[in-house]
Amino acid sequence: MKSYTVAELLSSETLVQEVIVKGWVRTFRANRFIALNDGSTIHNIQCVVDFENTNEDTLNRIGTGAAVSIKGELVESQGKGQKVEVQVNEITILGDADQEEVSKTILQPKRHTLEKLREQAHLRTRTNTFSAVMRLRSSLSFAIHKYFNDNGFYYMHTPIITASDAEGAGETFRVTTLDPQNPPLDEEGNVDYSKDFFGKETNLTVSGQLEAETYAMSLGKVYTFGPTFRAENSNTSRHLSEFWMIEPEVAFMDLAGNMDLAEDFMKSVLSYILEHNPDDLAFLEDRLIQEDKSKPQAERSEMTLIEKLRFVVDNNFKRVSYTEAIDILRNSKPNKKKKFKYLINEWGADLQSEHERFLVEKHFKCPVILFDYPANIKAFYMRLNEDEKTVRAMDILFPGIGEIVGGSQREERLDVLKEKMAALNIPEEELWWYLDLRKYGTAVHSGFGLGFERLVMFATGMSNIRDVIPYPRTPLNAEF
RNA sequence: UCCUCCUUAGCUCAGUUGGUUAGAGCAUCUGACUGUUAAUCAGAGGGUCCAAAGUUCGAGUCUUUGAGGAGGAGCCA
C-alpha cells in the first residue's frame, strides 16, 4: 500500500482507494474526526475514525500534536468543510503527545501571538501561519536560483569568514580561536592576532560583494545567495544579526542595466510564488484581512496581499534621481508643515525612513528606484558620475518594507578608486586583490544586494522580520 | 545605542482611590453527547501578580533599580 502526502490526497482524482498517510494531529473532534497535517500543504485532511471499533487506549492517545500513521480509504466527505476524507481502517500512534504537556506549548489548539510563537520557534512551523511562511520562503529561494540559472548566471559561494571589513557595511562578529581569558599579547600589550588561527584578524562576512566582483570579472554574470552577519545593535522589526543576502554582479553592465535586472528579478520571483503557492498566499492574505479588521480605518491596507504582489509584478517601478526626489520632498506637505522629524532643506541630505516612506507610500504609491545619490553618503566603490558630485548608486524602496535592494555601478577606474580609498583612509594593502581587477582588464560592471528576509516579508505580508526566518538571530537572542 | 509602551493561571487579558479569599475566556482534566469544522453541554484542577529594594498598618496597584519583550529612531539589507 502506498504512502501519500496530504497534498497528494487532497488533489487526488481517484476516490475509494487504499492509502497510507502519516502526519501530526492538529485537532481531534467528537472522538471521531482527526484534522491531520503533514506540512505538504496548508490544508488538513480529515480522517474519520470508527470509534466504536477502535480500542479505547488508542483513542485516548490521538491528541493534538501526536504523530500518527493512518491506513484507510479515500472517500467523498459527508461533511461540508471538505471534498474528500480518509475513512480510517487502522491507526498507529507513531509518537505520543501528552495533552497536559501539549497544553503548555503553542501546540494547544488556540490562537497565539507571534511573540509567543517566537519563544517556541522549534514548534511554530506546526502552525498554519508559519508553515505557510516557510513554504513560501523555500519557494522564493528556488525561484531565485531558477531566475539566475535561466538567465545565464553562475552561482558563486563567497567566503563566510573574511579578513577585512573594508567595505564598512557594519559592525562585524569576530572569528577567533584565541583563549578569551588569556590571549597572546604583542610588545605594546595589544592582542597578537598573528598567533590566531588565520594569522590575522578575521570576522564573519558582512557582504560577498567584493569577492563577487572578482568572479564577475572572469565568469561574466554571477550571483551569491548566502548568510551574512552584522553585529549592529539594531532592535527593529526589519533587522537581523544573521540574514540571507542575494548579490548578483555582472560585467559590462551599467547602472541602467542594473536597475533593469533588479526590477525584472523582483517581478520574476514574485510571479513564481503567485503561480506556485496560491494556497499559502490565500491563507496569509486572509490572515491579514482578519488582522486589519481590528485596526482603525486609517491604518488598514488599501490592497490585499495578492493584489500587492500583482501590483508589483504588473507595474513599472518608478525611477527617480536623488535630485528629483529631494525636490519632491522639499515641496511636499509634511516638509512645508514641518511634520517630518528631519526637514529637507538642501541637496546632499541623507534620506531618512520617513522620507523614503513618503515617496513610496504617499507620493508615488508604487515601488520606487532612487538613483544617482550624493557621493559622500555612499560607499567608496561606487562609480563617480561626470558631475563629480553623485555616484551611480540605486536603492529600491518597497511599501511597508523600505529599502529592499541596494546596488551600484562599481568604480572601474583605478586612479579614481585609489583617490576615494585614500580620502576615506582605507589602506590599499587590505584590498590589493580588489584593486588588481582595475589593473588587468578593467571594465564597467554593476551589481546589487537584496535582503532575502525583506523579500519574504513583502511576499508573505509578515510585519516582523523575525517571523520569516526559522531561527532569528537578534541582539540577546540565540536560543535555538 | 536612544525614546515610548508592556510583563497577573499553559495562552489572551480584566483587576475600581492602595484594603478581606486575585477573576473571565480559551486550553487541560473528568463526565455526557456523537457527521464534527475554533464541535457542544456540565463539572474540576490550575497563581513566586517578571525580580530586588523601598514607601505604607496594609502593595497586583505607588516609587527606584534591574531583567525580558514589543513598537519607533539611528545603522542598513
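Please read these numbers as outputs of a predicted model, since none were measured by experiment. Here is the naming used below: chain letters follow the sequence lines, and residue numbers restart at 1 for every chain.
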**OP:** Any chance you could encode RNA chain B as dot-bracket? Rule is Watson-Crick or G-U wobble with both distances under 3.5 Å; [ ] for pairs crossing earlier ones, | for another strand.
**Re:** (((((((..((((.....[...)))).(((((.......))))).....(((((..]....))))))))))))....
Original post:
side chain to side chain contact (heavy atoms under 4.5 Å, CB included) between A/Asn258 and A/Arg392: does it pass, once the steps are laid out?
Top reply: CA-CA 10 Å; A/Asn258 204 17; A/Arg392 289 183 195 164; over 6 Å; no
**OP:** Please work out if A/Arg238 contacts a base, only the sugar-phosphate, or nothing of the nucleic acid, heavy-atom cut-off 4.0 Å.
**Re:** base
Original post:
When we call it a touch if two heavy atoms are under 4.0 Å apart, what does A/Lys341 touch: a base, just sugar-phosphate, or nothing?
Top reply: sugar-phosphate
Original post:
With a 4.0 Å cut-off on heavy atoms, is A/Gln120 in touch with a base, just the backbone sugar-phosphate, or nothing at all?
Top reply: nothing
Original post:
What nucleotide among B/U34, B/C75, B/G35 has an atom nearest to a side-chain atom of A/Gln352?
Top reply: B/C75
Original post:
Given B/C75, B/G35, B/C11, which nucleotide is nearest the side-chain atoms of A/Lys116?
Top reply: B/C11
Subject >> Residue among A/Thr41, A/Ile273, A/Leu136 satisfying side chain to side chain contact (heavy atoms under 4.5 Å, CB included) with A/Asp280 >> reply: A/Leu136
Original post:
Do A/His145 and A/Phe225 have ring centroids that are under 6.0 Å from one another?
Top reply: yes
Original post:
From B/G25, B/U28, B/G72, pick the nucleotide closest to the side chain of A/Ser103?
Top reply: B/U28
Original post:
If you look at every strand shown and take non-hydrogen atoms under 4.0 Å, does A/Gln108 touch a base, only sugar-phosphate, or nothing?
Top reply: base
Subject >> Result of checking A/Phe340, A/Tyr322, A/Tyr342 against A/His355 for ring-ring contact (aromatic ring centres under 6.0 Å, His included) >> reply: A/Phe340
**OP:** Quick one: label A/Thr236 by what it contacts on the DNA or RNA (base, sugar-phosphate, nothing), any heavy atom closer than 4.0 Å.
**Re:** base
**OP:** Could you check whether A/Val102 gets within reach of a base, just the sugar-phosphate, or nothing at all, counting any heavy atom under 4.0 Å?
**Re:** nothing
**OP:** Would you classify A/Asn235 as touching base, sugar-phosphate or nothing, given that sugar-phosphate means primed atoms plus P, OP1 and OP2, and contacts are heavy atoms under 4.0 Å?
**Re:** base
Original post:
Closest to the A/Glu100 side chain: B/U28, B/A77, B/G35?
Top reply: B/U28
**OP:** May I ask you to verify whether the side chain of A/His112 and the base of B/C11 hold a donor-acceptor pair under 3.5 Å?
**Re:** no
Original post:
Considering heavy-atom distances to RNA chain B, does A/Arg29 or A/Thr113 have its closest nucleotide positioned more toward the 5' end?
Top reply: A/Thr113
Original post:
Reckon A/Arg26 touches a base, only the sugar-phosphate, or nothing at all at heavy-atom distances under 4.0 Å?
Top reply: nothing
Subject >> Candidate nucleotides B/C76, B/A73, B/G35, ranked by approach to the side chain of A/Arg230 - the nearest >> reply: B/C76
Original post:
Is A/Phe33 stacked on the base of B/G35, with ring centres under 5.5 Å apart and planes under 30° apart?
Top reply: no
Original post:
Which nucleotide in the list B/U1, B/U36, B/C76 gets nearest to the side chain of A/Arg454?
Top reply: B/C76
Subject >> salt bridge (Lys or Arg N to Asp or Glu O under 4.0 Å) between A/Glu119 and A/Lys116, intermediate numbers included >> reply: CA-CA 5 Å; A/Glu119 289 170 16; A/Lys116 180 50 64 181; 2.7 Å; yes
Original post:
Which heavy-atom pair separates A/Arg230 from A/Phe243 by the least distance, and what is that distance?
Top reply: CG-CE2, 3.6 Å
Original post:
What does A/Leu240 touch in the nucleic acid at a heavy-atom separation under 4.0 angstrom: a base, only the sugar-phosphate, or nothing?
Top reply: base
Original post:
Within this structure, what is the CD-to-C1' distance between A/Glu291 and B/G71, rounded to whole angstrom?
Top reply: 14 Å
Original post:
Is there a donor in the side chain of A/Glu249 and an acceptor in the side chain of A/Tyr215, or the other way round, less than 3.5 Å apart?
Top reply: no
**OP:** Starting from the 5' end of RNA chain B, give me the residue, A/Phe452 or A/Leu476, whose nearest nucleotide shows up first.
**Re:** A/Leu476
